[in-house]
Amino acid sequence: MTIKVKFGYLLAIFVATFSSTTFVSCQQSVPTKLTGGIGEVKVTDEFWGPKFDQWRTTTVNDVFDKFEGNYDPKGSRYLERDFEKMKITRNAFTNFDLVAEGKRGIGTHHGPPWYDGLIYETIRGAADFLKRFPDDSLEARIDKYIDKIAAAQASEPDGYIETYTQLMEPDHRWGFNGGFLRWQHDVYNAGMLVEAAVHYYKATGKTTLLKVAVKFANYMYAEMGPTPKKNIVPAHSGPEEAILKLYWLFKSEPTLKQKINVPVYETHYYDLAKFWIENRGHHVGFPLWGTWGNDESEKWIKERKYDDTKYGDHRRPTWGDYAQDSIPVFQQTTIEGHAVRATLLATGVAAAAIENRDPQYIKTVSALWNNMVGQRVFITGGVGAIAHDEKFGSNFYLPNDAYLETCAGVGAGFFSQRMNQLMLDAKYIDEFERVLYNNILTGISADGEHYTYQNPLTSDHYNRWEWHDCPCCPPMFLKMVAAVPDFIYLYNTDALYVNLFVGNETKVKHNNKQIGLKMDTKYPWDGKVSLKVTPESPTKLAIKVRIPNWALGQENPFALYQSNMSSPVVVKVNGQSVKVLPVKGYVTIDRTWKKGDEILVELPMKPRFVTANEQVKVLNGQVAIASGPVVYSLEGNNNPGLNNLKIDTSAAMQITFNPQLLGGVNVITGKGINEKSEKVEFKAVPYFAIGNIKIGDKYKVWINSK
Ligand SMILES: [Zn+2]
């Protein structure tokens, strides 16, 4: 809990000097060549629909309210300490107002240095909701915030905004002159601003934030790059993908440039992303973070010891393994360091690979993903086992009390989704779906106003918080869930890929013809999925339907997890069975579609026992329970003697939909024995709902088997 300690001592609202150790959060939009055909997706889903309604009305406003300072500081002892000192709560928008007023170096800043970034991330998530669900009051609220951001930028001729650096240490822009970028987050925040601007423009057509973003991006391009520009890479990744979205936006909408009043050079934004990616690992080789420790390394950087002619031109410190900066990206074969940074860097590299198809990029992201999913992912899709530095552990280090930050799950999800776009292989969506339905959904309470940071696989006393001294996870959660409808389909001119099973209506434009699509399903509680295909006139198109590997008995592509699934998958077209022989995870139905055609998929939702690879020593002799993409947990409230319960894996499990529980979920029951060796029945509920039946309850995902 490095962060809490740091926050406790150092993160008073108005502190003059900060120490370091950082982290934060992530992104999404899709290259035009891959989205061209898909129209707006209207979600009609029984599982996701009510959730989206709650998150876009309750949660988005709750998060903005709390960033405005409307939280109970008693929720966290660090927030409470800040409040006692300052007599006010933190207000992220005050920072922009102070900068707009021309204040610099005043020793006053609300929240951590990445507070600006968290506002931009919330705007991006809210924008994706607005795109599908127009909401005048939410839009007006965001416009008010955008005016503050634009006013802050207007106070600086070159377009730079980073309220922490401006208000606390204005001479240390980008961490130079004795500053410390790994703490300051200048580039990270800038990237999140750019991304928010792209999403908000796409949702509303408004360009105020986009102008701010373009001006800032132009400034960064002028500042950063090969000699004689500055050697700067994001110490917290995320901006790589974000600035590619700006590039894609202007590439796909060249006439937009005329509405901006700021020069737009979209290829510069691609070049900057490439520089940030390819220049990682190119530095003076010091400090030696692992040997010197964080404090000594930070001191060395602040004393500008790297700024010595003996290190040649273009010198900068290394941000270490923690920030994926010890060695060049193309030499990285395992996913290391801070899990949010690592997954966001990988997302950015995969996004760039979609654009450039460079074999080095593809080889790198494939290796990183294979390592993540083959050796380091948890059964819930969570990543980042270790609390110290919030980092990935070594291969097969998968302890039940692992850290598994919500943000890292979101980063892993975005990475897998980009890999699917890049490689057109459904195994990436299997992992996207795993992390989405489990580690990410756990990040929010049933009331939509309480959140998690860590998502371990067991706890004796589980609580979600109202607000946090580092509230990075709620914005990341919103970014991901608001983007989910964009990930249901993928169209790449040759084929339509059906990736997610979420009830929806949309149209795909293929060979200049509109084809209506209507998906109906009760997934993940029922495995039947109907897709009605309605072209305006008969149209030939290959529709590729994802068949999840869990449905075929392959729980993980590298056998990190295995299951006893044995039921068949059924695919029919207009009632006629189709052979289920997936290639790269998809069954292809290539035919001339006509009005009234229907694809029916039946996935086996029978509960299954999952075991871990024997190299995961702590899980030897234990089982987890899953049905479809949902991992289950046993909670204390309905499993007396949970700590000593053993599951009888030879007895069949039953699954029943309970409409009264948790808004309607499947409940799994089965047989076990208690500590007195008596036969008992156990009851399992979806892991994502932990702590909603009884606040502060205990739970376990992995249970000893008899
Ligand atoms: Zn977080």
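Each ligand, and each atom within it, is numbered from 1 in the order the structure gives.
Under the 4.0 Å criterion applied to side-chain N and carboxylate O atoms, Asp82 and Arg90 are assigned as salt-bridge partners. By the 4.0 Å N-to-carboxylate-O rule, Lys144 lies too far from Glu139 to be salt-bridged with it. Salt bridge present: Asp486 and Arg132 bring a charged side-chain N and a carboxylate O closer than 4.0 Å.
Geometry note: the Zn ion (ligand 1) is the vertex, Cys473 SG and Cys472 SG are the arms, and the angle is 120° (rounded to 10 degrees). Geometry about the Zn ion (ligand 1) gives an angle of 100° between SG of Cys407 and OE2 of Glu405, rounded in steps of 10 degrees.
Taking backbone and side-chain atoms together, Cys470 has no N/O/S atom less than 2.8 Å away from the Zn ion (ligand 1).
The closest donor-acceptor contact from the side chain of Asn189 to the backbone of Pro113 lies under 3.5 Å.
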